[in-house]
Amino acid sequence: MKLVIVESPTKAKTLSGILGKDYVIKASMGHIRDLPQSGKSAKNGKNKVKRSGKLTVAEKAEREKARLGIDIAHDFAPIYEVPEKSQKVLADLTKASKSADGIILATDPDREGEAIAWHLSELLKGTFERVVFHELTKGAIEEAFKHPGKLDLNLVNAQQARRILDRLVGYKLSPLLWKNVMFGLSAGRVQSVAVRIIVERERERQAFKPEEYWSIQGNFVGSKDKKVTAELVEHKDKKLEIKNKEQTSKIEAELNKAAFSVAEVKKSERQRKAYPPFKTSTLQQSASNVFGYTAKRTMMAAQKLFENGFITYHRTDSITLSEQFITTARDFIKKEMGAKYLPDQPEIYKTKAKNAQEAHEGIRPTNLEVEPSQLTSKKLGDEELKVYSLIWKRSIESQMLPAVYDQTTLNIKSGNDYLFRANGSVIKFEGWMYVGKHMGIEEDPESLNELPEFAEGEKLDLSNLLSDQHFTQPPARYSDATLIKALEELEIGRPSTYAPTISTIQSRGYVTKEGRYFVPTDVAYVVNDLLVENFPEIVDYKFTADLENDLDNIADGKKEWVPFIRAFYEPFEKELVEKEKTLNKHDVTNLGEIGEKCPECGRPLIYKLGIYGKFISCTGYPECKYARPLDAQMDADGNEVKQDYGKCPDCETGVLILKQGPYG
């Protein structure tokens, strides 16, 4: 009897149905061991270092080691502990391991999974084997168990390095934010960069000045009552830019006097290829665009699909597909949709990312015969079914021929050299787009408009003109989909980090959501500006991307993790010590002048960030303590009008006042 350890009960249940009675399958419930959360010992429940009186240098070092869970003086050695919630699980695994003939570590096929397996091997006694599989199917499991291997310590070291790096940044920078901004804030290697991206986009929007422009459409009638609507695009062979109503009226007057004819009819054939299979980031983007799902919601659904054996592993940078799946997909397409949709040769997709973290496949169904239409919410939850539909559809489409369009461009010219243009397209061959029809999905992949047949030189009558006023729009705020795309393009973060990063910046109060879009809070501006000015490398896009690449090199065995951490930490710690001396909370939380003078001392008033949000304060603080709420009412002389809320109903000697608290 062998003991098999996975992360979750769902995965254990699925594996039990495949492996049979020769194995006992247990779940570790995620990480069994980790760095301590707040410097407290899981064994003792408290830090043994004294907390009052003057500390010696050695005591300070010991206290810092306990707080960080890292022994900086001894090559950044991590001090792992089993948290209270995992102690019962560990006791159960220890008991099961004693009676087992061997222990098989079957955790996920990535850095986190490898680290969980390594921690288990450190805590349990026995003979260990490591099996790796990318899908929970009978064939994949049997093959993996025929060829067990050993732990990949390079992956373990990469995970440890990432964990230690993030702990050093977070636990060292956060107290600085508490002291100079407000308590409870956090900084992070990836989260702070994500906040910077959102803040910079919002500032672009604030600086944006909309410009007016106009468009003119013409409705034309040809012979046999053929009708077409076209857009005015050129005048005298130059692109036409219409900037105001006066210019529009002048052009309309000229057009109403003109004669029109068909100057050119251009017909062409174009193809639209299918999208490649999903990787983590594109699945999150697609689920956001189609269903409005957050990255976290998508990953929770994908996790359940993987653990129940419906899809391959869902944390991946890869878009490649196995030969076996491609063969199966081609057979399925030929049988269910017709050979005319199959290319002569299989479609092969190659991952373009420089440092794709794991070597497994893109995200695909484990069994194409299990179509989404065959599943119900009883077998899969509504969210899992929707995410599965996306994955199933994309995987099939990726192996089919391109869609083919007949495109027509119609140029209509006036006698006074104005050019109108109409574009139309008609699907000639559906190709991969047939999958939607097969699934019973109504799709409009792009605006299709079939134009009537016109001959070059044919005379047209202008029936009427339609003019519209427009204004240029600021760059759009980031959504889950576009933020993940931006992070990926900057090579910041990896498949496992996108969703938790977005969740963190929301839970920490750096961003709120308006509909699907992220809006930075006041505290985001303050913290971002503090970090950009004082710790530029921490929020520098290239520096953060280079750190990710270094972690990939550690995972590949090309770099040692201790020198990597030391090279980062020593200049970082030096900078921290300097900033501790020079940073001033009053300056840091200054959000700019309001354009008024202080009624008490005459110095400029500023917006300030306080524990309960923005308020107005005097720049002369602490000498001048004048302050007021943002919504305070002022009289003609610039003095605050105190609103009368009456006397206290309990004591009748005090008066009631309106106060701002943490909840409003």
Side-chain angles (χ1 to χ4, degrees), residues 169 173 177 181 185-213 280-298 353 470-495 497-548 588-592 607 609 613-614:
V169 172
L173 270 183
L177 299 181
V181 185
L185 294 176
S186 71
R189 185 177 56 87
V190 177
Q191 77 171 62
S192 296
V193 175
V195 171
R196 181 181 182 181
I197 291 170
I198 293 168
V199 165
E200 289 184 345
R201 174 57 57 87
E202 196 66 20
R203 283 182 166 148
E204 285 178 47
R205 289 172 57 83
Q206 291 165 355
F208 181 83
K209 290 182 171 52
E211 294 181 4
E212 180 184 9
Y213 71 97
T280 303
S281 61
T282 52
L283 174 62
Q284 291 170 335
Q285 290 168 47
S286 185
S288 174
N289 292 330
V290 177
F291 303 123
Y293 286 178
T294 63
K296 181 179 180 180
R297 197 172 169 187
T298 301
H470 309 275
F471 291 92
T472 53
Q473 296 297 308
R477 288 180 173 130
Y478 286 102
S479 63
D480 278 68
T482 54
L483 181 58
I484 289 167
K485 187 176 181 182
L487 288 168
E488 187 177 35
E489 286 173 350
L490 291 166
E491 298 181 11
I492 293 166
R494 288 296 182 262
T497 64
Y498 300 130
T501 296
I502 290 173
S503 295
T504 298
I505 63 175
Q506 288 180 271
S507 65
R508 296 291 184 180
Y510 287 118
V511 299
T512 57
K513 262 194 166 181
E514 287 185 9
R516 293 188 184 186
Y517 299 97
F518 296 111
V519 182
T521 60
D522 292 328
V523 79
Y525 290 104
V526 171
V527 171
N528 178 68
D529 291 350
L530 184 152
L531 294 177
V532 169
E533 185 175 344
N534 297 283
F535 300 93
E537 285 195 328
I538 292 297
V539 287
D540 180 75
Y541 300 146
K542 185 177 185 306
F543 181 76
T544 307
D546 288 344
L547 288 180
E548 295 284 8
V588 167
T589 54
N590 182 344
L591 290 167
Y607 292 112
L609 181 68
K614 264 202 301 194

Query raised in the report: Are Thr482 and Ser479 linked by a side-chain donor-acceptor pair shorter than 3.5 Å?
Result: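 The answer is yes; a qualifying pair exists.
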**Report entry** Distance-only polar pair, side chains of Thr504 and Gln191, donor-acceptor under 3.5 Å
**Finding:**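 There is no such pair (donor and acceptor under 3.5 Å, judged by atom type) between the side chains of Thr504 and Gln191.
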Does a side-chain heavy-atom distance below 4.5 Å link [X] with [Y]?
X      : Y      : value
Thr294 : Ile502 : no
Asp546 : Glu537 : no
Glu211 : Phe471 : no
Arg508 : Val523 : no
Leu487 : Thr497 : no

Closest approach of [X] and [Y], non-hydrogen atoms and distance?
X      : Y      : value
Thr501 : Ala194 : CG2-CB, 3.9 Å
Leu531 : Leu173 : CD2-CD1, 4.0 Å
Ser503 : Lys296 : OG-CD, 3.4 Å
Ala545 : Ile492 : N-CG1, 4.2 Å
Pro475 : Arg205 : O-NH1, 3.0 Å
Thr298 : Gln284 : CG2-CA, 4.2 Å

**Report entry** Donor-acceptor pair, side chain of Asn534 and main chain of Leu530, under 3.5 angstrom
**Finding:**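 Yes; at least one donor-acceptor contact below 3.5 Å.
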Query raised in the report: With respect to Asp480, which candidate in Gln285, Lys513, Arg297, Lys485 satisfies the side-chain contact (heavy atoms from CB on, under 4.5 Å) definition?
Result: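 It is Lys513, the one option of Gln285, Lys513, Arg297, Lys485 that forms the side-chain contact (heavy atoms from CB on, under 4.5 Å) with Asp480.
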Query - Partner of Val588 under side-chain contact (heavy atoms from CB on, under 4.5 Å), chosen from Val527, Asp529, Val526 - result: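 Going through the options one by one, the only one that passes is Val526.
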**Report entry** All salt bridge (Lys or Arg N to Asp or Glu O under 4.0 Å) counterparts of Lys614, not counting sequence neighbours
**Finding:**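 With neighbours one apart ignored, the set is Asp522.
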**Report entry** side chain to side chain donor-acceptor pair (under 3.5 Å): pairs with one or both residues in residues 193-202, sequence neighbours excluded
**Finding:**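 Checked against side chain to side chain donor-acceptor pair (under 3.5 Å) - neighbours excluded - the pairs reaching residues 193-202 are Arg196-Glu200, Glu200-Tyr541, Arg201-Tyr478, Glu202-Arg477.
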Query raised in the report: Listed by chain and number, what are the side-chain contact (heavy atoms from CB on, under 4.5 Å) partners of Pro536, not counting sequence neighbours?
Result: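 With neighbours one apart ignored, the set is empty.
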